[in-house]
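The next block holds one structure in the form of structure tokens; read it before the comments.
In this text the structure is predicted, and so the values were computed from the model without any measurement. Heavy atoms only: backbone and side chains are in, while hydrogens, waters and symmetry mates are out. Note on naming: letters A, B, ... go to the chains in the order of the sequence lines (proteins, then strands), and numbering restarts at 1 for each one.
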There are 2 protein chains.
Amino acid sequence: MVRWEGGARERLQAAALRLFVERGYDGTTVADVADAAGLTERTFFRHFTDKRDVLFAGQEEFEQSYLEPLARAEGDAMSRVLAAVDAAAARFPDERRPWSRLRQTVIDADPRLRERELLKLSLLSEAIAGRLRAEGVEPVPAALAAENGVAVFRIAFASWIAAGETRSLQDLQAEVLARLRSLLGA
Amino acid sequence: MVRWEGGARERLQAAALRLFVERGYDGTTVADVADAAGLTERTFFRHFTDKRDVLFAGQEEFEQSYLEPLARAEGDAMSRVLAAVDAAAARFPDERRPWSRLRQTVIDADPRLRERELLKLSLLSEAIAGRLRAEGVEPVPAALAAENGVAVFRIAFASWIAAGETRSLQDLQAEVLARLRSLLGA
DNA sequence: ATGGTCATGGCAGGAACTGACATCGCCGAT
DNA sequence: ATCGGCGATGTCAGTTCCTGCCATGACCAT
């Protein structure tokens, strides 16, 4: 029996996305995913904490892509957050767009997956606000800056994966930010 | 057998909150809650879609408390959203504060409950943005205004239930809003 | 009283997880 | 080269969440 092929985690993720697209999240059991990856249901749960988590791996790197540029940025809280959001957007190259579209289609189709996505974004916002507070920023401004930064990403990302959209995520974020400024600056 | 006492839904909610506080969310089964309310597990799932939902009933009224004042408000998108947020805050009287504190303690202790709370707030934001779009506001500004309105509520609410806090939710929201303006207006 | 209707009970079963233990393959120590 | 450890996986039993289906009890209009 071929027991050790390596890349079990990646195989599970690929199988899961494929099956979720084909049969829907609800129409796919964890056993289905494990079978498609040549593994067992038990092994699935060793790699992912629950069924939804298979679509949301890499939270650590995701947060780091914001926290690292945040640490380097200078200026007031809001400027630093926006610099981090801009820097992180550079990690969303156009090659990833089709994959992101597919993944987001699956997520948007099921409230349980939307919940998980919101939690991940909320954790990111918390992490950013936490760093700011650790550096002396007051709690409320820290939370507001983090929330707005994540909101800019969230809204720009939705445009980025919309059908026919070709502009880069960075450009879209810049446009959303301009709108935000005019909303509150007027 | 006393089969019809009425208020089954309310009894289930009360029993759930009490047991979640005593034994934790994870340490309480749905059967426990149903038993404590003198009902069956099957009946629990007729009143609530899932175990978490017992803490989040009343989403309809919650959204209405924003949408109704929103419809009456005048001015640009952001001003209208803020007026709605302010009006809705009036529905959080001080008598509710101890209960809100207890409930929030339970929610904050379990990621699954945090997920559900985020989803409910996201649905509120979506509903507000949807109304704005229906009245001709561009999608991006509509989403931004809604997100910021909800963010103001969320952050002020966290302060409102903090230990020792005595100011009203409306006052706290006004302060958060002032901070928001200075963050983006500077 | 009679029939309809609605809330509830009872039961069976699927799917999501979890804990305990066994097994397989690799890799370093002797 | 053999042995023994170690990490990844398999196996299995069990709990909990949640759903479908049908039965039963209580209230109401006639």
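- Within the 4.5 Å cutoff, the side chain of A/Glu115 has no heavy atoms near those of the B/Leu118 side chain.
- For A/His47 and D/dT9, the NE2 to C1' distance is 8 Å, given to the nearest whole Å.
- Taking atom CG on B/Asp110 and atom C1' on D/dT16, their separation rounds to 14 Å, with Å as the unit.
- Residue pairs that meet the side-chain hydrogen bond (donor to acceptor under 3.5 Å, both in side chains) test with at least one member in residues 135-146 of chain B, sequence neighbours left out, are B/Arg80-B/Glu135.
- With rounding to whole Å, A/Glu10 atom CD is found 14 Å from D/dA8 atom C1'.
- Residue pairs meeting the ring pair (Phe, Tyr, Trp, His ring centres under 6.0 Å) criterion with at least one member in residues 20-42 of chain B, sequence neighbours excluded, are B/Phe20-B/Tyr25.
- In terms of modelled atom types and a separation under 3.5 Å, the side chain of A/Thr43 and the main chain of A/Leu39 share no donor-acceptor contact.
- With A/Glu117 as the partner, the side-chain hydrogen bond (donor to acceptor under 3.5 Å, both in side chains) test is satisfied by one option alone out of A/Arg154, A/Gln104, A/Arg103, A/Arg112: A/Gln104.
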Between the protein and nucleotides 14-18 of chain C, which nitrogen or oxygen pairs come in under 3.5 angstrom?
residue	atom	partner	partner atom	Å
C/dA16	OP1	A/Lys51	NZ	3.0
C/dA16	OP2	A/Val30	N	3.2
C/dC17	OP2	A/Lys51	N	2.8

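- Between B/Thr40 and C/dT8 there is no side-chain N or O to OP1 or OP2 distance below 4.0 Å.
- Note that B/Arg9 lies outside the cation-pi zone of B/Phe44, set by a 6.0 Å cut-off to the ring centre and a 45° limit from the axis.
- Distance A/Arg46 CZ to D/dT11 P: 11 Å, rounded to the nearest Å.
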